[in-house]
Amino acid sequence: MRRSTPGVLGLEQLVDPRVARAEELGYGRVIAVLEPLVTEERRARLRQVIARRLASVAVVFDRPYDPHNGAAVVRSCEAFGVQRLHVVERPGTPFAVARSVARGAQKWIDVVCHAEAATVLGWAQDQGIPLVAAHPDGELAPEDLQRMPRVGIVLGNEREGIRDEIARACAARVSVPMRGFVESLNVSVTAAILLHAATRGRAGDLADTDQTRLYAHGLILSVPRALDILTVRGA
């Protein structure tokens with residue numbers, strides 16, 4: 001299976017063991033112990049980046065297959081401050097990313113995998129997030145996404161696109177204008193273009209609890225031998 005291929009990370013490997021330990025210890029304790037060991041410059045950088053991250057924009061990736069595309073979408077989410085990527089997996093093909101493409105971006109975003117479309121549609125409905133499908137014939141332009149208070153951008157894979165069940169649940173479709181002969185772009189390129197447009201000018205809107213969680217993660221990733229220090233200090 002792909003998850004055993006060198007350089008390819010399965011979902012269970014996307015979470016850094018240090019981050020998983022921070023979850024167990026409690027964010028307040030991690031921050032109390034590790035914050036004094038991090039330079040003020042690093043602390044300020046963590047706070048600055050986290051304060052700009054977004055819950056109002058999310059990505060839904062339907063049936064990804066190629067680990068390189070999966071990693072590129074993860075990296076685009078991180079680059080544009082989109083905190084959550086929802087993946088609807090294909091049967092028998094768990095979500096995986098290529099380490100060489102993700103380049104550590106997987107440490108900073110939340111990847112939620114779904115075995116079926118119904119659960120991700122339920123999430124969108126519960127959160128009041130309208131879904132917009134990326135489609136060559138979409139009626140919206142990328143800049144229209146910026147004016148939506150909340151949006152879930154739905155991406156399909158190059159082979160099959162977006163399944164009918166999810167497409168029917170989308171409130172609209174968005175297309176990337178092109179001038180050449182090709183009719184579509186690689187899904188990772190489409191993701192980057194749409195995320196750039198959707199996130200432009202938005203103020204960070206993560207809940208305080210999520211900001212605290214990410215700050216604790218940042219500290220534990222910044223301090224060498226952080227787990228040993230936390231153990232010695234009784235965390």
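Note that this is a predicted model, so its numbers are computed, not measured. Starting from 1, each residue takes its place in the sequence as its number.
- Connection of L25 to L221 is established within a shared hydrophobic cluster, with ILVMFWY side chains joined at heavy-atom distances below 4.5 Å, either directly or through further cluster members.
- Here the closest heavy-atom approach between residue A226 and residue L34 is recorded as CB-CD1, 4.1 Å.
- A salt bridge links R173 and E139; the closest N-O separation between the charged side-chain nitrogens and carboxylate oxygens is under 4.0 Å.
- Looking at D110 and R213, a side-chain N of the basic residue comes within less than 4.0 Å of a carboxylate O on the acidic one, giving a salt bridge.
- At least one side-chain heavy atom of P64 sits less than 4.5 Å from a side-chain heavy atom of V87.
- Rounding to the nearest 0.5 Å gives a distance of 5.5 Å between CD1 of I31 and OG1 of T212.
- Under the 4.5 Å side-chain heavy-atom criterion for grouping Ile, Leu, Val, Met, Phe, Trp and Tyr, L219 is connected to L227 within one hydrophobic cluster.
- Hydrophobic clustering (side-chain heavy atoms under 4.5 Å, transitive across Ile, Leu, Val, Met, Phe, Trp, Tyr) groups V38 together with I220.
- Distance check: L46 CG to Y215 OH gives 6.5 Å after rounding to the nearest 0.5 Å.
- The number of heavy atoms from other shown groups lying within 6.0 Å of CD (Q125) does not exceed 12.
- Separation of atoms CG (L54) and CZ (R150) is listed at 11.0 Å; rounding is to 0.5 Å.
- Applying the side chain to side chain contact (heavy atoms under 4.5 Å, CB included) rule to A44 yields the partners E40; only residues at least two apart in sequence or on another chain are considered.
- A single hydrophobic cluster is not seen to contain both W108 and V49; linkage of ILVMFWY side chains at heavy-atom distances under 4.5 Å, directly or through other members, places them apart.
- Members clustered with V120: V60, V88, L121, W123, I129, L131, V154, I162, I166, by chain and number, using a 4.5 Å side-chain heavy-atom cutoff among hydrophobic residues.
- In summary, E35 and R47 engage in a salt bridge, as defined by a charged side-chain N under 4.0 Å from a carboxylate O.
- P130 and G128 make their closest contact through CD-O, 3.5 Å (heavy atoms, listed as atom of the first residue, atom of the second, distance).
- Counting non-hydrogen atoms of neighbouring residues, nucleotides and ligands closer than 6.0 angstrom, the CG atom of D208 reaches no more than 12 such neighbours.
- A cation-pi contact, defined as under 6.0 Å to the ring centre and within 45° of the axis, links R159 to Y65.
- Here CZ of R45 is found 8.0 Å from CZ of R42. Values are rounded to the nearest 0.5 Å.
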query: Taking it one step at a time, do R163 and R63 satisfy side chain to side chain contact (heavy atoms under 4.5 Å, CB included)?
result: CA-CA 9 Å; R163 73 184 75 193; R63 295 177 294 181; 2.9 Å; yes
Which atom pairs, donor and acceptor, lie under 3.5 Å between side-chain atoms of residues 186-204 and protein residues at least two apart or in another chain?
from: N186; atom 1: OD1; to: S188; atom 2: N; distance (Å): 2.8
from: N186; atom 1: OD1; to: S188; atom 2: OG; distance (Å): 2.5
from: N186; atom 1: ND2; to: N69; atom 2: OD1; distance (Å): 3.3
from: N186; atom 1: ND2; to: E158; atom 2: OE2; distance (Å): 3.0
from: T190; atom 1: OG1; to: N186; atom 2: O; distance (Å): 3.4
from: T199; atom 1: OG1; to: L195; atom 2: O; distance (Å): 2.7
from: R202; atom 1: NE; to: A198; atom 2: O; distance (Å): 2.5
from: R202; atom 1: NH1; to: M148; atom 2: O; distance (Å): 3.1
from: R202; atom 1: NH1; to: P149; atom 2: O; distance (Å): 3.0
from: R202; atom 1: NH2; to: L145; atom 2: O; distance (Å): 3.0
from: R202; atom 1: NH2; to: M148; atom 2: O; distance (Å): 2.6

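- Smallest separation of non-hydrogen atoms from Q48 and R52: O-CG, 3.4 Å.
- Side chain of E89 to backbone of F95: a donor-acceptor contact under 3.5 angstrom is found.
- Here the side chains of L85 and V112 are not in contact, with every heavy-atom distance at 4.5 Å or above.
- By the 4.5 Å heavy-atom criterion applied to side chains, R84 and D210 are counted as neighbours.
- Side-chain atoms of Y27 and H217, non-hydrogen and from C-beta on, do get closer than 4.5 Å to each other.
- The closest side-chain heavy-atom distance from H86 to V111 is not below 4.5 Å.
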Test log, rule salt bridge (Lys or Arg N to Asp or Glu O under 4.0 Å), inputs K107 and E78: CA-CA 9 Å; K107 298 177 182 178; E78 153 57 19; over 6 Å; no
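- By the criterion of side-chain heavy atoms lying less than 4.5 angstrom apart, applied directly or through intervening Ile, Leu, Val, Met, Phe, Trp or Tyr residues, L140 is grouped together with L185 in one hydrophobic cluster.
- By the 4.5 Å heavy-atom criterion applied to side chains, D62 and N157 are not counted as neighbours.
- Atom CG in L230 sits 12.5 Å away from atom CZ in R225 (nearest 0.5 Å).
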message: For a side chain to side chain contact (heavy atoms under 4.5 Å, CB included) check, start with the C-alpha distance between E165 and E116, then their side-chain angles and the critical distance, and finish with the verdict.
response: CA-CA 10 Å; E165 182 181 359; E116 54 187 25; over 6 Å; no
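- At least one side-chain heavy atom of P142 sits under 4.5 Å from a side-chain heavy atom of P177.
- Inter-residue side-chain proximity for R75 and V73 is flagged as unmet; no heavy-atom pair is nearer than 4.5 Å.
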